[in-house]
> 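My questions will all concern the structure given below.
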Amino acid sequence: MIAGAAIARVAEREAGRFRSANPRAFAHQAAATGWFQSVPFHWMRDWPSPVPIVAASAKDATLTSIDGQTYDDFCLGDTASLFGHSPPALASALAQQAREGLSYMLPTERGAALSAKLAAMFGLPQWQVTTTASEANRAVIRWCRGISGRRKVLIFNGAYHGAVGDAFVDLKDGQPVMRASLIGQVHDLRDTTTMIEFNDEAALADALHRGDIACVLAEPVMTNVGMVRDAPGFLGTLRRLCDETGTLLVFDETHTISSGYGGHGVTHGPKPDLMVVGKSIGGGVPCAVYGFTADVAARMAALNQSRPAGHSGIGTTLSANALAIAAMDTMLSDVIIPASYDHMLRGAARLVAGLEQEIRNAGLDWHVTQVGARVEFLTCPTPPCNGGEAKAAMQPELEAAIHLFLANRGILLAPFHNMMLVSPVTGDDQIDRLVDGFADCTKALKE
């Protein structure tokens, strides 16, 4: 157990060190008054540093700031650059596409090749392209409601599916409540969203057997409330109950693409009816895809034929633009390949072993969780079984102090919790520096 006074002492000292080392970041913050809160998007202020680090460039698994600080990057754009910053093949393809046009609102020849690659990698025959994973999740929910004739969506407590309003319900003392942080919400999401805890088979069976759930939208492993692994057999039960009740199963694999080639469903099973992948699928270019079975495709086609002409509420002008198609086609051809996962999983295993050893050395009751190339250390003695337990175990002040300590030593973690990604271009030396920095941090917190 780390004392609160020790956390405050380390946080204050590290904040001072950050101020001394990053004068240009502070000057940038002061000058960027045209942006709301001095950043182009407000969540950039959510990093634990006194002001955000201002990026100058990034390559492979290294990021450089305008203050000349060089970071071993284990955040990787919170998965957007999971396979490394600006892979050479991607940079070349983007430059070529920029010369040929960026957006036509028409299909391209390259798109046919991409659809075949998506089907081969993820095991689903039909695909559509959106601009973000949030948009893909919204589209999938609409399709599921439309083809099932049911209104409700089931979400797991603590899940995050981008800016999808249906997911912004929490459980408090076992009861669903509207998430207090949601801005501008004007109708009660609980009318159409059913919220239960992850890994709760009894609650899942009860909810699905009511017969009013269009789809279950889930990460096969929860990654946005810390990391919560699926209990043995839970995903198999989820698949079986969806089949029994005519409920569509949707996997949001935007983060769990880190589990292995083809994502978690392909690597570990079971297979969903529909899946969403965003962020890293285009190497950081804004794009996402959603795929679905032949049966779902037939039901979608029948719905399309039966509805009146007009906007479906799905898609935007920039969906499936030529630049996004070129980015994804290149990534699946040259970067997101089995050999990349071999390197990522080996590196992740090295990182886990190192962190676990340092936790033992420090005598801490913390633990490390791994899902493929995604690693997280949680400052609690036992792994949480669901989102409620994970939220209760979080120590935001401690997590922020650790993050800032490591950032001051050239190591960048994801800002929202202590999550780390190992890319195909992450070196063993970078992993070892992270482990050494973590050891120094635990020592400082126990002084």
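Note that the numbering runs from 1 along the sequence shown for the chain.
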> Do the ring centers of F36 and F41 come within less than 6.0 Å of each other?
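Ring-ring flag for F36/F41: false, centres at least 6.0 Å apart.
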> Does either side chain, that of S423 or that of T426, offer a donor lying less than 3.5 Å from an acceptor on the other one?
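Looking only at side-chain atoms, T426 and S423 do form a donor-acceptor pair, the distance falling under 3.5 Å.
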> Distance check, rounded to the nearest 0.5 Å: I431 atom CD1 versus L351 atom CG?
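Between atom CD1 of I431 and atom CG of L351 there are 6.0 Å.
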> Indicate the atoms forming the closest heavy-atom contact of Q185 with M178, along with that distance.
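It is CG-CE, 3.3 Å.
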> Could you verify whether a donor N or O on one side chain and an acceptor N or O on the other, from E100 and Q96, lie under 3.5 Å apart?
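Q96 and E100 do have a side-chain donor-acceptor pair below 3.5 Å.
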> Measure the spacing between OG of S134 and OH of Y160 and express it to the nearest 0.5 Å.
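So the gap between those two atoms works out to 5.5 Å.
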> Can you name the residues that form a side-chain contact (heavy atoms from CB on, under 4.5 Å) with A136, not counting sequence neighbours?
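So A136 forms a side-chain contact (heavy atoms from CB on, under 4.5 Å) with T130, V276, A288, Y290.
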> Could you measure the distance from the CG atom of L249 to the CG atom of L274? Nearest 0.5 Å is fine.
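So the CG of L249 and the CG of L274 are separated by 8.5 Å.
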> What pairs with Q370 under side-chain hydrogen bond (donor to acceptor under 3.5 Å, both in side chains), at least two apart in sequence or on another chain?
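Partners of Q370 under the side-chain hydrogen bond (donor to acceptor under 3.5 Å, both in side chains) test: none.
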> I'd like to know if D428 pairs up with R346 as an ion pair, taking the criterion as any Lys NZ or Arg NE/NH1/NH2 lying under 4.0 Å from an Asp or Glu carboxylate oxygen.
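R346 and D428: salt-bridged.
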> Provide the closest heavy-atom pair for T330 versus A93 in the form atom of the first, atom of the second, distance.
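Looking at all heavy atoms of both residues, the closest pair is OG1-CB, 3.1 Å.
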> Less than 3.5 Å apart, which donor and acceptor atoms pair up between the side chains of residues 111-120 and the rest of the protein, not counting sequence neighbours?
unit_1, atom_1, unit_2, atom_2, d
S115, OG, A112, O, 2.8
K117, NZ, D329, OD1, 2.7
K117, NZ, S333, OG, 2.4

> Calculate, to the nearest 0.5 Å, the distance between atoms CG and CD1 belonging to D252 and I257 respectively.
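Between atom CG of D252 and atom CD1 of I257 there are 11.0 Å.
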> Does any donor atom in the side chain of T256 or H264 lie under 3.5 Å from an acceptor atom in the other side chain?
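The answer is no; no qualifying pair exists.
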> Sequence neighbours excluded, which residues qualify as ring pair (Phe, Tyr, Trp, His ring centres under 6.0 Å) partners of F168?
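None.
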> Does N224 reach the side chain of E219, with side-chain heavy atoms less than 4.5 Å apart?
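Yes, their side chains come closer than 4.5 Å.
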> Less than 6.0 Å separating the ring centroids of W127 and F122?
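Close enough - the centres of the two rings lie under 6.0 Å apart.
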> Indicate the atoms forming the closest heavy-atom contact of A348 with G372, along with that distance.
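Heavy-atom minimum between the residues: CB-O, 3.3 Å.
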> In chain order, what residues pass the salt bridge (charged side-chain N to carboxylate O under 4.0 Å, His left out) check against D230, with sequence neighbours excluded?
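Checked D230 against salt bridge (charged side-chain N to carboxylate O under 4.0 Å, His left out); zero matches.
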> Would you mind reporting whether T247 and R150 have side-chain heavy atoms less than 4.5 Å apart?
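Sidechains of T247 and R150: in contact.
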> I need the single residue from R142, R190, R145, R179 that forms a salt bridge (charged side-chain N to carboxylate O under 4.0 Å, His left out) with D166. Which is it?
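In the set R142, R190, R145, R179, the residue that makes a salt bridge (charged side-chain N to carboxylate O under 4.0 Å, His left out) with D166 is R145.
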> Between E358 and T442, is any side-chain donor less than 3.5 angstrom from a side-chain acceptor?
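No donor-acceptor contact under 3.5 Å links the two side chains.
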> Can we say K152 and D212 salt-bridge, meaning some charged N sits less than 4.0 Å from an Asp/Glu carboxylate O?
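Yes, K152 and D212 are salt-bridged.
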> Supply the atom-to-atom distance L413 CG to I402 CD1, rounded to the nearest 0.5 angstrom.
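Result: 9.0 Å between the selected atoms.
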> Between T62 and D60, is any side-chain donor less than 3.5 angstrom from a side-chain acceptor?
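Short answer, no.
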> Does the side chain of F198 reach to within under 4.5 Å of the side chain of V221, using non-hydrogen atoms?
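A side-chain contact is absent here, since even the closest heavy-atom pair is not under 4.5 Å.
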> Is any NZ, NE, NH1 or NH2 atom of the basic residue among D191 and R151 found under 4.0 Å from an Asp or Glu carboxylate oxygen of the other?
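R151 and D191: not salt-bridged.
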> Judged by atom type as modelled, is there a donor-acceptor pair below 3.5 Å linking the side chain of N199 to the main-chain atoms of C385?
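It does hold such a pair.
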> With rounding to the nearest 0.5 Å, note down the distance linking SG in C380 to CH2 in W366.
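Spacing of SG (C380) from CH2 (W366) equals 10.5 Å.
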> Does one side chain, of T293 or R299, offer a donor that lies under 3.5 Å from an acceptor on the other?
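Distance-only check fails for T293 and R299.
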> Which side-chain N or O atoms in residues 73-82 pair as donor and acceptor under 3.5 Å with protein atoms at least two apart or in another chain?
unit_1, atom_1, unit_2, atom_2, d
D73, OD1, C75, N, 2.9
D73, OD1, L76, N, 2.9
D73, OD2, H85, NE2, 2.7
D78, OD2, K279, NZ, 3.4
T79, OG1, R374, NH2, 2.8
S81, OG, H85, ND1, 3.4

> Between E197 and N157, do the side chains contain an N or O donor and an N or O acceptor separated by less than 3.5 Å?
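Side chains of E197 and N157: pair found under 3.5 Å.
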